[in-house]
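Note that these values count all heavy atoms, side chains included, but never hydrogens, waters or copies made by symmetry. We count ligands from 1, going down the list as the structure has it; atoms in each ligand are counted the same way.
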Amino acid sequence: MKTAGRGPASREDRAMKIGFIGLGNMGAPMAANLAKAGHEVTGFDVAGVSVDGVAPAGSAPEAASGADVVITMLPNGDILRVVAAEVVPAMQAGAVLCDCSTVDVESAQAAAAMAAAAGVGALDAPVSGGTGGAAGGTLTFMVGGDEASFAKVKPLFDIMGQKAVHCGAAGAGQSAKICNNMILGISMIAVCEGFNLADRLGLSREAMFDVVSTSSGSCWSINTYCPAPGVGPTSPADNDYKPGFAAELMLKDLKLSQQAADAAGAATPMGAAATALYDAFVAEGGQGKDFSAMLLRLAEMSKG
Ligand code: NAD
């Protein structure tokens, strides 16, 4: 019982009862993969979505009642707090509330505290890998929470993803996600600035890619997800910057990084600059484009 498309749950891996709340772009394929692997999944979404193999519930508490694990995949921390307050009282003792949304660290910790007060386990388990990873069962989970809850949900992470890293106590998963995506936002801008300067200096993009991708400037943003079309591996740049990872989702994560940096008193001047650049980009035409389209934005911002 591992990834999408595998057969039903084996006898060693007991089929679990799973409540799945938030069946959007990410949640729907994740829930479908759990059902396909032989688990008994009951789902709820305020939008009334229906998902193959997932039994529809009339409310979030109905989906949570009697479940071994309740998974949430929601837009933000405020909604997570509301949903957690609804579902925790409906959960059985010993069950685990596993939030896979990307939210602020405080909301993750607030959901964990609600669960602990009710004798329910909790994990914050945001993902990387996007909708392709959700459909293919190849997500990476960054997980905060207690060891016993992690061990209980691990077989489900193994179906929905290819890697689950237990990062520490409640909030640690969100902390890891926020730090990673702040680095990603900054490094994408840095690579785009490099290409923009190279263009202005008359350096070919091919030469720029060949040198940097094998030199000390190499990083995921250029080697794997090159923002310049026609060079390097195929990336959203080669598909008219269709996301991929949309600029507005990068902005959401950068804002969470700045909220966390403020709360923790951490100096993140490059994170702040990246947030401001994506904020302006999203407000002025970047919405719905891949975050690597920052290259087009920088070209527009350049003189002459
Ligand atoms: P989405 O907007 O497609 O899905 C969210 C779903 O939650 C919607 O279907 C909505 O109707 C539902 N919902 C809202 N309030 C609800 C409530 N009170 N009860 C039940 N359902 C409710 O978003 P998504 O792209 O699936 O992203 C979900 C989370 O995953 C977000 O936190 C996002 O930041 C994170 N994430 C997304 C991606 C991506 O590429 N889309 C990648 C990594 C992480």
Is it true that F141 and F150 have ring centroids separated by less than 6.0 Å?
-> no
Does ligand 1 have any atom sitting under 4.0 Å from a heavy atom of [X]?
X	answer
K177	yes
V82	no
P75	yes

In the protein, what heavy atom is nearest to [atom], and what distance, to one decimal place, separates them?
atom	answer
atom 11 (O) of ligand 1	D45 OD1, 2.6 Å
atom 36 (N) of ligand 1	T102 OG1, 4.1 Å
atom 4 (O) of ligand 1	G24 CA, 3.3 Å
atom 37 (C) of ligand 1	M26 CG, 3.6 Å
atom 21 (N) of ligand 1	V46 N, 3.4 Å
atom 30 (O) of ligand 1	M73 CE, 3.1 Å
atom 23 (O) of ligand 1	N25 N, 4.6 Å
atom 15 (N) of ligand 1	I79 CG2, 3.5 Å

Flag yes if [X] and [Y] sit in one hydrophobic cluster, no otherwise; membership is Ile, Leu, Val, Met, Phe, Trp, Tyr, and two members link when side-chain heavy atoms are under 4.5 Å apart.
X	Y	result
L203	V191	yes
V120	V83	yes
M182	L277	yes

For a quick check under 3.5 Å, do [X] and [Y] share a side-chain donor-acceptor pair by atom type?
X	Y	value
N196	S302	yes
T268	Q258	yes
N223	S213	no

Could you tell me, atom by atom, which parts of ligand 1 come under 4.0 Å of a heavy atom of [X]?
X	answer
V83	17 (C), 18 (N), 19 (N)
L249	39 (C), 40 (O), 41 (N)
K252	31 (C), 32 (O), 33 (C), 34 (O)
G130	40 (O), 42 (C)
S101	32 (O)

Could you pull out the closest heavy-atom pair between M30 and A134, with the gap in Å?
-> CG-CB, 4.0 Å
Exercise: identify the closest heavy-atom pair between G271 and I186 = N-CD1, 3.5 Å
Report the C-alpha distance between F20 and L34 in whole Å, list the side-chain angles of each, state the deciding distance to 0.1 Å, and finish with yes or no for side chain to side chain contact (heavy atoms under 4.5 Å, CB included).
-> CA-CA 10 Å; F20 207 115; L34 292 172; 4.0 Å; yes
Which of these, L74, V49, I21, has its nearest heavy atom closest to atom 31 (C) of ligand 1?
-> L74
Is atom 7 (O) of ligand 1 in close reach of the protein, with a heavy atom under 4.0 Å away?
-> yes
Got a salt bridge between D199 and R205, using NZ or NE/NH1/NH2 to carboxylate O under 4.0 Å?
-> yes
